[in-house]
Amino acid sequence: MQNNQREIVNMDKIKQLQEEVNQRMEEAITSSNFPEFLNSKGLVEKTLKVQVMLDLNKIRDTDYITDKELQDALREMPGTEITLRCCYPCGPQWCSC
């Protein structure tokens with residue numbers, strides 16, 4: 001497989017992980033009373049931001065991730081961390097950062 005094709009496959013794996021994290025975070029947030037709690041404290045709009053991040057250095061040093069293609073893709077990512085989800089409360093729902 002050529003490098004360009006490999007990069008596309010690897011980015012697809014990371015994109016898939018981001019989509020799965022987004023879905024699970026949305027489910028967790030909406031099935032809890034967390035948004036109501038934040039509203040009661042006045043933490044609305046962009047006063048609070050929630051992020052799900054991966055420490056790429058830890059991923060590079062371990063074999064925790066069982067999906068080999070995803071593990072390789074994350075190991076090849078430049079930098080030290082990647083944000084999978086960033087959101088803030090905006091009314092009864094959450095908006096992306």
Side-chain angles (χ1 to χ4, degrees):
M1 188 180 302
Q2 293 179 342
N3 278 347
N4 287 345
Q5 288 176 320
R6 186 168 178 223
E7 286 176 22
I8 291 169
V9 169
N10 287 345
M11 289 307 296
D12 285 346
K13 282 291 196 177
I14 293 171
K15 180 77 171 156
Q16 179 183 357
L17 177 63
Q18 287 176 315
E19 289 170 2
E20 290 174 15
V21 167
N22 278 334
Q23 179 183 353
R24 299 296 179 159
M25 282 288 294
E26 194 68 33
E27 290 169 5
I29 289 170
T30 56
S31 68
S32 73
N33 66 350
F34 193 52
E36 291 83 12
F37 166 76
L38 294 173
N39 262 342
S40 74
K41 301 295 183 190
L43 297 171
V44 294
E45 294 302 319
K46 295 186 179 183
T47 59
L48 175 83
K49 180 169 56 173
V50 177
Q51 291 182 306
V52 177
M53 302 175 81
L54 289 179
D55 183 331
L56 295 174
N57 287 331
K58 293 212 186 291
I59 288 170
R60 290 178 185 118
D61 295 339
T62 65
D63 290 325
Y64 294 144
I65 297 174
T66 57
D67 182 322
K68 180 77 169 115
E69 286 182 39
L70 177 60
Q71 184 182 54
D72 290 345
L74 291 169
R75 284 181 172 167
E76 293 170 9
M77 290 283 300
T80 58
E81 59 189 25
I82 179 174
T83 300
L84 295 179
R85 169 81 167 160
C86 181
C87 57
Y88 62 92
C90 56
Q93 66 217 19
W94 287 71
C95 297
S96 294
C97 297

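Keep in mind it's a predicted model, so treat the numbers as computed, not measured.
- Atom OG in Ser31 sits 10.0 Å away from atom CD in Glu26 (nearest 0.5 Å).
- For the atom pair Leu70 CG and Gln16 CD, the distance stands at 8.0 Å (nearest 0.5 Å).
- If you take CG on Asp12 and NZ on Lys15, they are separated by 10.0 Å, rounding to the nearest 0.5 Å.
- Here the options are Arg75, Lys68, Lys58, the test is salt bridge (Lys or Arg N to Asp or Glu O under 4.0 Å), and the partner is Asp63; only Arg75 passes.
- Here the CZ atom belonging to Arg85 is positioned 8.5 Å from the SG atom belonging to Cys97, to the nearest 0.5 angstrom.
- Between the CG atom in Asn22 and the SG atom in Cys87 there is a gap of 8.0 Å [rounded to 0.5 Å].
- Remark: Arg60 engages no residue in a salt bridge (charged side-chain N to carboxylate O under 4.0 Å, His left out) (not counting sequence neighbours).
- Thr83 pairs by the side-chain contact (heavy atoms from CB on, under 4.5 Å) definition with Gln51, Met53, Cys86, not counting sequence neighbours.
- The minimum heavy-atom distance between Gln71 and Thr62, with the atom names listed, is NE2-O, 3.5 Å.
- Residues passing the side-chain contact (heavy atoms from CB on, under 4.5 Å) test with Gln23 are Glu27, sequence neighbours excluded.
- Annotation: the span from Leu54 atom CG to Ile14 atom CD1 amounts to 9.0 Å, rounded to 0.5 Å.
- For the pair Leu84/Met25, no side-chain contact is recorded, criterion being any heavy-atom separation below 4.5 Å from C-beta on.
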